[in-house]
Structure formats: C-alpha cells, structure tokens
Amino acid sequence: MLTGLYRPGTSVLHRTPAGAKLAGLLLLTTVLVALRTPLAVAVGAAITVVTYAVARMRPKDLWAQVRPLRWVALVLVPFQLWSGGPTAAIVVVGTLLVAVGAAGLVTLTTRVTEMLDAMLWLLRPLRRLGVDPARVALVLSMTIRAIPVLAATFDEVREARRARGLERSPRALITPLVVRTLRHADRLGEALAARGLDD
Amino acid sequence: MIKLDAVTHAYGERTVLRDITVDLPDHRIGIVGANGSGKSTLVRLLNGLVLPTSGSVTVHGLDTRRDGAQVRRKVGFVFADPDAQIVMPTVAEDVAFSLRRQRMDKAEATARVAGVLRRFGLEGHADHPAHLLSGGQKQLLALASVLVTEPQVLVCDEPTTLLDLRNARQVTGLISSLPQQIVLVTHHLHLLEGWPRVLVIDEGTIVADGPANDVLPYYVSLMSSPAATDAPPPR
Ligand SMILES: Nc1ncnc2c1ncn2[C@@H]1O[C@H](COP(=O)(O)OP(=O)(O)OP(=O)(O)O)[C@@H](O)[C@H]1O
Ligand SMILES: [Mg+2]
C-alpha cells in the first residue's frame with residue numbers, strides 16, 4: 001500500500017485526513033467480509049469507483065491498482081468455483097478487488113508523511129511493548145525511498161555485467177549488488193547521523 | 001571558530017591523521033589532497049561523525065566528543081552522493097524531515113520548507129518523488145534539507161564530484177552565496193580560486209596552509225611530480 005505513489009491534487013479526498021481515509025477503508029473491508037454477499041460486493045465496488053471519480057482519478061489509475069491481482073485471481077477463481085460455487089467466487093475475488101482498489105486510492109491521495117503520522121498514531125499502543133512508533137514509521141519511509149535507488153543500482157550493475165560480457169554469471173550480478181547496497185546503507189547511516197537522527 | 005588540538009585518528013591499526021593542530025576561524029576554508037590522504041576523515045571530525053583517537057576537536061567551544069549532538073545541530077554536512085542523503089520519498093517531505101526533531105509548529109515548518117525550496121529553485125517539485133530529480137537537483141535538495149535547520153557551519157565533502165559541469169556550477173554557485181562558514185573538500189581546484197584559506201592534506205598531515213593563490217600552485221606541483229614533495233611548502 002505504501003508505494004509512494006502519491007498523486008498531488010486538491011480534491012476532497014486529498015484534503016481528508018489520512019486517519020479518516022484509513023478508517024473508511026477499514027470500515028468498507030470489514031463490512032464486505034462480514035456480509036459476504038454479491039450485493040455488498042457490488043455496492044462496495046460502486047462506492048470505490050465513485051470515490052475514484054471524486055478524487056479526479058481516471059479508470060486507468062484504478063486498473064493500475066488492481067492489475068497486480070490478475071494472477072491471484074487466476075488461481076482464486078477456479079479454486080472458489082470448485083470449493084464454493086460461483087457466488088463464493090464472486091464474493092471472494094470481488095472483495096479482494098474492492099479492498100485493493102480502495103487501499104490504492106488511499107495511497108494515491110495521501111502523502112507518505114501523512115500516512116506515517118496516521119500510522120504513528122495507530123502504532124501508539126505498541127509503545128508499551130517497547131516498540132518506538134516513530135522509528136517504525138521512519139524505517140517504512142526510508143524503505144519506500146530506497147526502492148528507486150536500489151532499482152537504479154540493479155540496472156547499473158546489470159549493464160556493467162553486460163559490458164564485460166558476463167551476462168550469464170549470477171556472481172557478476174550479486175556480488176557488486178550486495179557490495180553497493182551495503183555501501184549505500186553505510187552512507188545513508190552517516191547522512192542520517194549528520195542530520196541529527198541518532199540523537 | 002573550529003579548533004583541532006593535537007588530533008590523531010586511526011582506523012584500527014591504521015593511522016590516517018597525525019597530530020593535527022589548527023585553528024579555522026575563516027569564512028571559507030578549502031581542503032585538497034590526494035585520494036586517501038585523509039580529507040574525508042578530517043572533515044568528519046568536525047561534526048563528530050568520526051571522533052579523534054587522541055586530541056580534541058571543538059566547534060564554537062563545543063567538544064565533538066562530549067557534545068556531539070549539539071555540534072551536529074550547528075554543523076551541517078553535505079556528502080558527494082545525494083542519493084544517500086535523501087531519506088524521504090518526496091522533495092518537500094525530505095526537507096520537512098529535518099525539522100521534525102525541532103518541535104516546530106506545523107504552519108511554521110511548512111513555511112520554512114516552502115521558503116527553502118523556493119530559494120533552491122525546487123518549489124515546482126515539492127510533491128515530486130525525489131528519484132525523478134536530476135543529479136544536480138538532488139544535490140540541491142540535499143543542501144536544502146541541511147540548510148533548513150540553519151546550521152552555523154556547512155561542511156561539504158566533494159559535493160560536486162558526481163555532477164556534470166552544469167549541475168556542479170549550479171550547486172557551487174549556491175554554496176558560495178551562503179552566509180555560513182563553509183569547509184569544502186574538493187578535487188575541482190577552480191572552485192577554490194580566491195579563497196582566503198586552503199589546506200593541503202598529504203598522508204594524514206597538513207603540508208600547506210594559506211590563501212588559495214599561494215597554496216594551490218604548490219598542490220598542483222606536488223601532484224604532478226613526486227620529486228616536488230621535496231620543495232618547501234608555502235606557509
Ligand atoms: N571506515 C574506515 N575504515 C578503515 N579505513 C578507512 C575508513 N575510512 C577511510 N579509511 C582509510 O583512511 C584513509 C583516508 O581516507 P579518507 O576517506 O579520509 O581519504 P580522502 O582524502 O577523503 O580520500 P578521497 O579523495 O578518495 O575521498 C584511506 O586510506 C582509507 O582507506
Ligand atoms: Mg573523501
């Protein structure tokens with residue numbers, strides 16, 4: 001959900017607090033899972049589509065969110081048809097699609113920092129167990145930030161490997177990738193300390 | 001004022017800085033030297049990222065060993081690789097992140113972030129993912145994120161090394177316009193032209209120290225012929 005895909009905008013949804021959006025998401029999925037009827041799924045789907053429109057997103061944005069599910073659906077549909085019949089197939093796959101689509105919309109309309117603040121709040125009870133919510137939130141956002149950096153490293157290493165004619169060698173990929181990732185982590189740690197994060 | 005007093009630093013068995021004593025009151029201080037001569041180690045001492053094995057480093061009277069956190073609040077640090085300095089996914093978020101530990105109210109923080117982004121020409125990218133910026137813009141963002149906390153000293157360790165000429169010029173233009181005291185490590189000697197104070201580091205010691213006009217020619221000769229090391233350094 002936290003893929004850093006925030007799409008700036010000024011719609012009502014963009015201006016709604018992250019906590020309210022997360023609560024809405026939770027409510028929607030809970031109701032769908034509790035009712036487990038095709039009608040509920042249809043209403044949930046309609047709500048989701050309308051909210052996408054309210055947020056000024058296009059159909060292709062919705063599609064981009066649920067597309068990764070097509071492989072899951074490929075497995076789930078036959079299994080549900082076989083174990084529970086067509087109604088179960090519609091309800092299970094439909095609920096999944098609505099939940100993922102709605103969660104995607106929350107991501108699209110919420111800045112990562114707002115999401116983190118909301119999570120910080122949600123994670124507060126864990127403080128008693130010795131978990132520091134601020135740290136959890138920081139690690140999450142740093143992970144999101146690290147994805148494009150690592151992807152770029154991967155591309156460079158793969159190109160370097162090809163340039164040396166070693167494209168078939170897994171070691172020529174993994175060794176430099178690990179070395180560079182560790183070095184990156186080292187520098188990142190230093191930069192964080194320099195920005196006062198260690199104290 | 002930055003003071004190093006009899007500073008020696010060793011990584012394990014290996015001594016990389018030897019008995020350095022120097023006062024650095026100047027507004028602009030350049031540091032040059034061969035690869036591996038100890039420049040990065042020296043500047044990391046200035047904010048306590050590296051602690052001296054013996055001797056002491058003080059910044060505005062604060063000892064980096066005793067008051068490391070306070071020193072880091074006074075001394076901003078910019079590294080060569082902007083990708084390793086940007087922590088948050090989007091531009092404005094990364095700048096705002098620096099203000100998080102300063103219990104500042106939200107409206108003021110937002111205004112500060114917007115102001116800094118405008119000054120660095122990044123206002124149009126506030127909500128963009130950081131990885132979509134150009135190399136120069138990323139380094140400007142790294143600078144913005146450091147300067148938003150208004151440090152009194154800015155240390156830059158090869159801030160332009162990974163940038164092309166145009167981006168490097170943009171970044172150095174900005175750095176040289178800053179009111180802060182600046183300590184700049186660089187292999188781009190032209191950036192230091194006219195600077196009042198340049199240190200040449202060689203094998204862990206300061207071998208020349210003076211205005212750029214005197215020191216840089218010496219450094220160039222030191223680098224071009226091994227025999228030139230015997231020539232007396234300007235003092
Ligand atoms: N963390 C470390 N552990 C062990 N040795 C180190 C460490 N960091 C640096 N060194 C060694 O200390 C010496 C000085 O390194 P330093 O990075 O200060 O040099 P530099 O002048 O900044 O070089 P460059 O111009 O290549 O950046 C080098 O020989 C280096 O290998
Ligand atoms: Mg260095």
S.K.: Mind checking which of residues 31-60 of chain B sit less than 4.5 Å from chain A, heavy atom to heavy atom?
M.R.: B:Arg44, B:Asn47, B:Leu49
S.K.: Taking CZ in A:Arg168 as the centre, count heavy atoms belonging to other residues, nucleotides or ligands within less than 6.0 Å. Is the count above 12?
M.R.: no
S.K.: Give a yes or no on whether a salt bridge exists between B:Arg65 and B:Asp5, defined as a side-chain N under 4.0 angstrom from a carboxylate O.
M.R.: no
S.K.: Report the option among B:Val146, B:Asp94, B:Leu132 that has the most heavy-atom pairs separated by less than 4.5 Å from atoms of chain A.
M.R.: B:Asp94
S.K.: B:Asp83 and side chain to side chain donor-acceptor pair (under 3.5 Å): which single residue from A:His184, A:Arg145, A:Arg187 fits?
M.R.: A:Arg145
S.K.: Can you tell me if CG on B:Leu165 sees more than 12 non-hydrogen neighbours from other groups inside 6.0 Å?
M.R.: no
S.K.: Do other residues, nucleotides or ligands put more than 12 heavy atoms under 6.0 Å from the CZ atom of B:Arg169?
M.R.: no
S.K.: Where does A:Arg7 contact chain B at under 4.5 Å (heavy atoms): side chain, backbone, both or neither?
M.R.: neither
S.K.: Parallel, tilted or perpendicular, judged at 30° and 60°: which one describes the rings of A:Trp82 and A:Phe79?
M.R.: tilted
S.K.: Ignoring hydrogens and geometry beyond distance, is a side-chain donor-acceptor pair present between A:Arg195 and B:Ser98 at under 3.5 Å?
M.R.: yes
S.K.: Flag the one option from B:Ser145, B:Pro151, B:Ala96 with the top tally of heavy-atom pairs under 4.5 Å to chain A.
M.R.: B:Ser145
